[in-house]
Asker: 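Okay, handing you the structure first.
Per chain, numbering begins at 1; letters A, B, ... match sequence-line order.
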Amino acid sequence: MTAKTPQAIRGTQDIFGAEAEAFAFVVETFERVRKLYRFRRVEMPVFERTEVFGRAIGETTDVVSKEMYSFEDRGGESLTLRPEFTAGMARAYLTNGWRQHAPVKLATHGPLFRYERPQKGRYRQFHQLDAEIVGAAEPQADVELLALADQLLRELGIEGVTLQLNTLGDAGSREAWRAALVGHFRGVAGELSEDSRERLEKNPLRILDSKDPRDRRFVADAPKIDRFLSDEALRFFESVTTGLDAAGVKWARAESLVRGLDYYRHTAFEFVPDEGSAAAAALGSQSTVLGGGRYDGLMESLGGPPTPAVGWAAGIERLAMLVDCEKRGLDLAIVVESDNRIWQGFAANSAIRDAGFSSELIASGSAKKRFDKAVKLNPKGILTLTASGDGTDFKISGNDELVNQVIEKMATRGRHVTKSIK
RNA sequence: GCGAUCGUAGCUCAGUCGGUUAGAGCGCCGGUUUGUGGUACCGGAGGUCGCGGGUUCGGAUCCCGUCGAUCGCCCCA
């Protein structure tokens, strides 16, 4: 008789209660702030041809070969659930001719999918906020984008998080730096961790953010990007930092902050909890709360014209863990003491909600239990439709200011129940 | 892909040197008291102790496997 209940897919989550409220608060705040900055809302498909992500991200990486949620449709086409917003947005920009709007500020949010092992703050289906400025080569775009991020975090009430900022320079600077790093680490390869010896071949920049203490010693005196920056790249970075200072956005230089993918240029950044902060404790080892950078090389990899762009994404779940949103409580509980007054209860409920107050009707169990239930909801006031008397009287108690407002508003609505309210 | 920890009531958990009918709190349902009352009191329902195998006279407890969860490593778009 009892069939087995199917289980949720690994790495998916059902969000409810306080967490769901926090999640909604993050999204609502993002929507509000993004409008202040005149970022335009876009909606995009949740899945694309695998190629869209494969070409954007780089076919060779683990990311594409192992960590995307890909499958074949009935026509044998390889599709992928979007693992990020940027590639799909770039595709949309190209296929819809959004060049005509360039430079264009875009914002979106929604679910993303990665085929990974779940851990704290990392799920297979997760949710991000995303903001991009496409078609703007100027450092002012980076500044505006970061100002948006900074204001968002402030309006969410998140503290103890700092903008870590770095530059990867232009393509030439980046290559020279990379070569110098390989030279540096190759010299001490025997003393590096196994993982980093591997990275030396595949992704040398990543050695810089290794967690292994054996590597950290050599990271400290590794060559710095600044030595390899072209004049132009240096000027760009200086414009970004002076712009941030002018806009009142606090930042810290993070010389080891890198991006794994080759299409990144110039600005790279992450908002990371300060060591020892409450935010750091809440997030565990997956602690970056918002990250992004400039990806001037991406559009070309999708067959488009050279198009400068800069953007960021932020995990909604992670932000929600840092948010302290006091839930708006219940205004009025309506206790219907006797079942023959239940229709008056419905009428009162409608009138109260029409007047803009939240309410909850309680009409089961004994009269005493109904009252107890009402009390447990912790409302600002309780409206009781009594069982005794002539069947029309009621009591209302609680926060005086609220009670008076309710009575006044209900009176002006000419609701049937209002007649019995003095 | 690798590692560690953990799976007992709807929820949070107790219970394991192996031993009669497996417990608490919360929640749910019912009743009592009170009689317009601030969360009382009493009672009830609800568990093949994740699943499968093994050792044993006897397994929630020990062993193996499996599934799931959590946290971390790798990776991080």
Side-chain angles (χ1 to χ4, degrees), chain A residues 2 4-13 16-17 48 52-69 80-90 112-124 126 128 130 132 193-199 202-203 205-207 209-212 257-264 268 270 283-288 291-293 295 298 301 311-315 318 333 335 337-338 362 364-379 381-389 393-398:
Chain A
T2 43
K4 247 184 205 149
T5 304
Q7 290 177 309
I9 303 298
R10 179 201 291 273
T12 62
Q13 29 172 1
F16 175 75
E48 300 270 359
V52 170
F53 306 111
R55 285 169 60 180
I57 293 166
E59 305 284 358
T60 59
T61 58
D62 275 21
V63 165
V64 168
S65 53
K66 314 211 81 152
E67 291 161 23
M68 295 202 312
Y69 233 116
T80 294
L81 300 178
R82 63 183 180 196
E84 60 160 29
F85 284 112
T86 308
M89 199 176 274
L112 300 170
F113 305 82
R114 295 179 185 177
Y115 199 88
E116 295 184 294
R117 196 166 191 101
Q119 55 182 292
K120 191 180 182 74
R122 281 181 95 162
Y123 303 92
R124 286 188 170 182
F126 57 104
Q128 286 188 342
D130 187 270
E132 317 268 349
S193 67
E194 300 75 25
D195 284 334
S196 283
R197 260 174 267 160
E198 185 91 3
R199 291 183 181 114
K202 285 162 58 180
N203 202 350
L205 300 200
R206 279 285 162 195
I207 299 175
D209 46 29
S210 168
K211 290 164 188 163
D212 196 306
L257 177 65
V258 295
R259 293 276 90 122
L261 304 183
D262 286 339
Y263 60 63
Y264 281 99
E270 289 178 4
L283 290 175
S285 71
Q286 303 299 328
S287 62
T288 297
Y295 52 94
L298 174 62
S301 69
W312 56 249
R318 289 189 200 172
V335 176
E337 279 201 343
S338 163
I362 295 145
S364 72
S366 66
K368 170 65 177 175
K369 281 209 198 308
R370 292 180 189 195
F371 188 81
D372 286 345
K373 280 182 191 170
V375 169
K376 281 186 184 175
L377 291 174
N378 197 26
I382 296 177
L383 174 67
T384 310
L385 302 175
T386 56
S388 53
D393 51 332
F394 66 96
K395 290 177 69 80
I396 183 164
S397 64

Asker: Tell which nucleotide pairs with B:rA4, taking only Watson-Crick or G-U wobble pairs whose two distances are both under 3.5 angstrom.
Answerer: B:rU70
Asker: How close do A:A87 and A:V52 get, counting heavy atoms only, and between which atoms?
Answerer: O-CG1, 3.8 Å
Asker: Taking only side-chain nitrogens and oxygens of A:R206, does any of them come within less than 4.0 Å of OP1 or OP2 of B:rA77?
Answerer: yes
Asker: Expressed as a whole number of angstroms, how long is the span from A:Q119:CD to B:rC76:C1'?
Answerer: 10 Å
Asker: Can you see if the side chain of A:N203 gets near the phosphate of B:rC76 - specifically, an N or O under 4.0 Å from OP1 or OP2?
Answerer: yes
Asker: Find which nucleotide of RNA chain B each of A:S285 and A:E84 is nearest to by heavy atoms, and output the residue with the more 5' nucleotide.
Answerer: A:S285
Asker: Rounded to whole Å, how long is the line connecting atom CZ of A:R124 with atom C1' of B:rA77?
Answerer: 17 Å
Asker: Please confirm whether any donor atom in the side chain of A:E337 sits under 3.5 Å from an acceptor in the base of B:rG37, or the reverse.
Answerer: yes
Asker: Report, as yes or no, whether the 6.0 Å neighbourhood of atom OH on A:Y69 holds more than 12 heavy atoms from other residues, nucleotides or ligands.
Answerer: yes
Asker: In whole Å, what separates the P atom of B:rU36 from that of B:rA24?
Answerer: 36 Å
Asker: Could you please name the partner base of B:rC57, counting Watson-Crick and G-U wobble pairs only when both distances are under 3.5 Å?
Answerer: B:rG19
Asker: Should B:rA40 form a Watson-Crick or G-U wobble pair with both distances under 3.5 Å, which nucleotide is its partner?
Answerer: B:rU32
Asker: With sugar-phosphate meaning primed atoms plus P, OP1 and OP2, does A:K376 contact a base, only sugar-phosphate, or nothing at under 4.0 Å between heavy atoms?
Answerer: base
Asker: Say we look at B:rG46 and B:rA9: how far apart would their C1' atoms be, to the nearest angstrom?
Answerer: 6 Å
Asker: Heavy atoms only, 4.0 Å cut-off, all strands: where does A:Y264 land among base, sugar-phosphate and nothing?
Answerer: sugar-phosphate
Asker: For a quick test of reading the model: is some side-chain N or O of A:R10 closer than 4.0 Å to OP1 or OP2 of B:rA69?
Answerer: yes
Asker: May I ask you to say what A:R199 touches in the nucleic acid, namely base, sugar-phosphate or nothing, with a heavy-atom cut-off under 4.0 Å?
Answerer: sugar-phosphate
Asker: Take the protein atom CD1 of A:I362 and the nucleotide atom P of B:rC28, then report the distance between them rounded to whole Å.
Answerer: 11 Å
Asker: Taking all non-hydrogen atoms of both residues into account, name the closest pair between A:D130 and A:A313 and its distance.
Answerer: OD2-CB, 3.7 Å
Asker: Report yes if at least one side-chain N or O of A:K211 is closer than 4.0 Å to OP1 or OP2 of B:rC74; otherwise report no.
Answerer: yes
Asker: Please report the shortest heavy-atom distance between A:R259 and A:G292, naming the atom on each side.
Answerer: NH1-O, 2.8 Å
Asker: If we take the C1' atom in both B:rC13 and B:rA60, what is their distance in whole Å?
Answerer: 15 Å
Asker: Which value, in whole Å, describes the distance between the C1' atoms of nucleotides B:rU66 and B:rG47?
Answerer: 22 Å
Asker: Expressed in whole Å, how much space separates the P atoms belonging to B:rG19 and B:rG15?
Answerer: 14 Å
Asker: Within this structure, what is the CZ-to-P distance between A:R318 and B:rC71, rounded to whole angstrom?
Answerer: 12 Å
Asker: By the 4.0 Å heavy-atom rule, please label A:E116 as base, sugar-phosphate, or nothing.
Answerer: base
